[in-house]
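Working notes, beginning with the structure itself.
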Amino acid sequence: MNIAFFAGLIAYFAAMMLQITGVALGKKGLTRLARIAFAAGFALHTVYTVWRGIEAKRLPLANQFEFASGFAWSVAVMGFVLYARLRQEWTMTVAAPVAFLVLSYAAFQPMEIKDIMPALRSTWFALHIGSATFSYASFAIAGGLGVHYLIQCAHGRDEDETRMKQEDYLSYRLICLGYLLLTVVILSGCIWAEQAWSAWWSWDPKETWALITWILYAIYLHQRLRMKWHGKRAAWFAAIAVLCVLFTFAGVNILLPGLHSYAV
Amino acid sequence: MKKLFSFLRSMTFGMILLVAAMAFSFAGSLIPQQRAAMEYVERFGADAAKLILFLRLDRIFSSWYFILIVVLLALNLTFCSIVRLPKTRRAGTALVRAAASAAADHPLRAGQADVLRERLQKRRWKAKTSDGQTVYVRHLSGVYGSFLMHLSILLVLAIGGAVLTMPEITDITVMPGESFDLQDGTRVTVERFQIEDETGKLDYASTLSAQTKDGRTLTQEIRVNEPMRVGGYKIYQQTYGTAGKVRIHNADNDATDTLHLTEPCFLSIDGRNGVFFHALYPGYIQGADGSVTLVTSTSGAYADPVYEIQSVVDGSSTPVLAFPDETLTIGSVSFTMLEPDAYPGLRIKHVPGALLGALYASFVLMIAALYLCFFAAPAAIRVSEDGFALLSTKEKAGLLIEIETLLEGDL
């Protein structure tokens, strides 16, 4: 069944290339093909995820590979929702590369299905990890939108003020959604940790970095309100802050092992 | 004084504190916390270790400066919320009034005003009258979003602080079959402990039975994620261990006793002759030449336990590796090493239920407040024949897109 995973990955890659080429050359046919490839990739990815869940007899979010795959899947879901709501090419231009890159990272992780470790057998598992995948996906797409915004500015394609404002605003809204979900992740994690280890908060590296991410985006949200951080400055922030999210997601597991070491 | 108060409640000060909290958290995640001084010397060198210890960077999260940052942040939030509360309370009414008198800066074509009014009502925008003008409003409760968010952070800090510092925590190890008493008079017995389940998978679980003072008996298997609740207490399956076991028989008086061996000890009647227990090993690997290599640790059950002991006779000792059911006889006393017993390490925690309830409530409040902040933007629209005025306490870009969508085909 791993073939579905790799076929999905290739389809996301094809979607990314078709979308970027289509947008660069102004060929609508290519971007239409990109959407079809993205849908195919998403379908294959979903089939693989469902199969893995059935095979493992649990939610397939218990290790680094599964979480990365879930993260990419959440990006794809959000990409579709955004495209369906806004009907804007740039939503796909951002979502397809982000989904592909995250799933590529997953492809380099050990894929074997293992028994879930006792600490993860909890009713909080689905809420805590599920919120995390969608929270990271929101931040990642917001970061992608930031990069896209900056590229548009650098290439002098920022004359369409309405579109640029939409991109800026969507990035902000995604950060709002990601922030709300990250709060759910942190609070549900506290309750779960108390249930499992009797301690609400242990300053474990993963917890600490989740808090750092939370504070970082809190600063952004306040600055947007107070200093009217819009446009380029907000785009720079979204693009740089996502590095903090990625470090919390992957870097901590590799460089700063702690209570969340099972996430490797 | 006024200036100081103004600074203490300012968002600038709040931002400085957030950056400081973030920077120290960053340092705290990179520098291992609460380790022995020697570990810092080995890892960072003597000079850096000195600096780390001097600045308390080895325990940042309990340092005075980190606590000061949190306290100042709480003060900043409190002052800011108190000062803004009257304005927040008036914000909804003010928004409606402002919309009633605002210029219609978004033009509409002929006939579109009626379409917009109709569609706004269909989308559950409520019509309100202010200064003789009809204003359509939505999510006015959203004006409280920021205030409630700040309040919930304060509650989490205050109640969370109490929950972290107030509980009475006791860690104990109990052998299966033994009991202990809680302060409220409940007697808890460890009926059974397992390291692996029947299929051989790791599953650290204790079966506890609790007899409360009023005569009720509760039985529960506890493991990670499944603590036992009895009264205001929570009992956690925290750690585990494996203890050696020895049966001692004195042929002189035909007395027998069985002891658990958890740490090195000298088992003797006269203080000169006996068995010195060093350690218990989970297993061994026998080489082709008959040599034995001891397995020093395992996360599972002890498959082939080996006792490292010394037989001591008149002050001279001989090292011995003994297996379960082996007997060493020294004088009239025989020592039979038995199959070891696995035992749980339990954590007993007492937290007032009301405090826990308040903490959960503040968590829920935080989520609800964030929802109000981000997804319930208060908005007011006044529609006139030539255009509409749209006001909000939040960003209007999304609202404008929404209104444009409402008028799609007509704008």
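Chain A is the first sequence line, chain B the second, and so forth, proteins listed ahead of strands; every chain is numbered from 1. Note that the structure is predicted; figures quoted are calculated from it, not measured.
In terms of non-hydrogen atom pairs under 4.5 Å with chain A, the most contact-rich of B/Pro167, B/Pro32, B/Ser29 is B/Ser29. Chain A forms more heavy-atom pairs under 4.5 Å with one residue of B/Val156, B/Leu356, B/Leu18, B/Asn225 than with any other, namely B/Asn225.
Only the side chain of B/Leu164 comes within contact range of chain A, judged by heavy atoms closer than 4.5 Å. For a residue to count as touching a neighbouring chain, one of its non-hydrogen atoms must lie under 4.5 Å from one of that chain's; by this rule B/Met22 touches chain A with backbone and side chain alike. For B/Phe375, the parts lying near chain A are the backbone and the side chain together; criterion is any non-hydrogen pair under 4.5 Å. Contacts of B/Thr12 with chain A are made by both backbone and side-chain atoms, with heavy-atom separations under 4.5 Å. Contact of B/Val19 with chain A is made through backbone and side chain together, with heavy-atom distances under 4.5 Å. Of the two parts of B/Ile153, only the side chain, counted from C-beta on, holds a non-hydrogen atom closer than 4.5 Å to a non-hydrogen atom of chain A. Looking at B/Tyr236, only its side chain comes within 4.5 Å of chain A, counting heavy atoms on both sides. Of the two parts of B/Leu359, only the side chain, counted from C-beta on, holds a non-hydrogen atom closer than 4.5 Å to a non-hydrogen atom of chain A.
Side-chain contact check for A/Gln152 and A/Arg163: at least one donor-acceptor pair (N or O, by modelled atom type) lies under 3.5 Å. Side-chain atoms of B/Gln238 and B/Asp171 form no donor-acceptor pair, as typed in the model, at a separation below 3.5 Å. Under 3.5 Å, the side chains of A/Tyr83 and A/Arg35 contain a donor-acceptor pair of N or O atoms.
With sequence neighbours left out, the side-chain hydrogen bond (donor to acceptor under 3.5 Å, both in side chains) criterion links B/Gln220 to no other residue.
Interface with chain B: from residues 144-151 of chain A, no residue qualifies, criterion being any non-hydrogen pair under 4.5 Å.
Closest of all the heavy-atom pairs between B/Ile222 and B/Pro227 is CG2-C, 3.9 Å.
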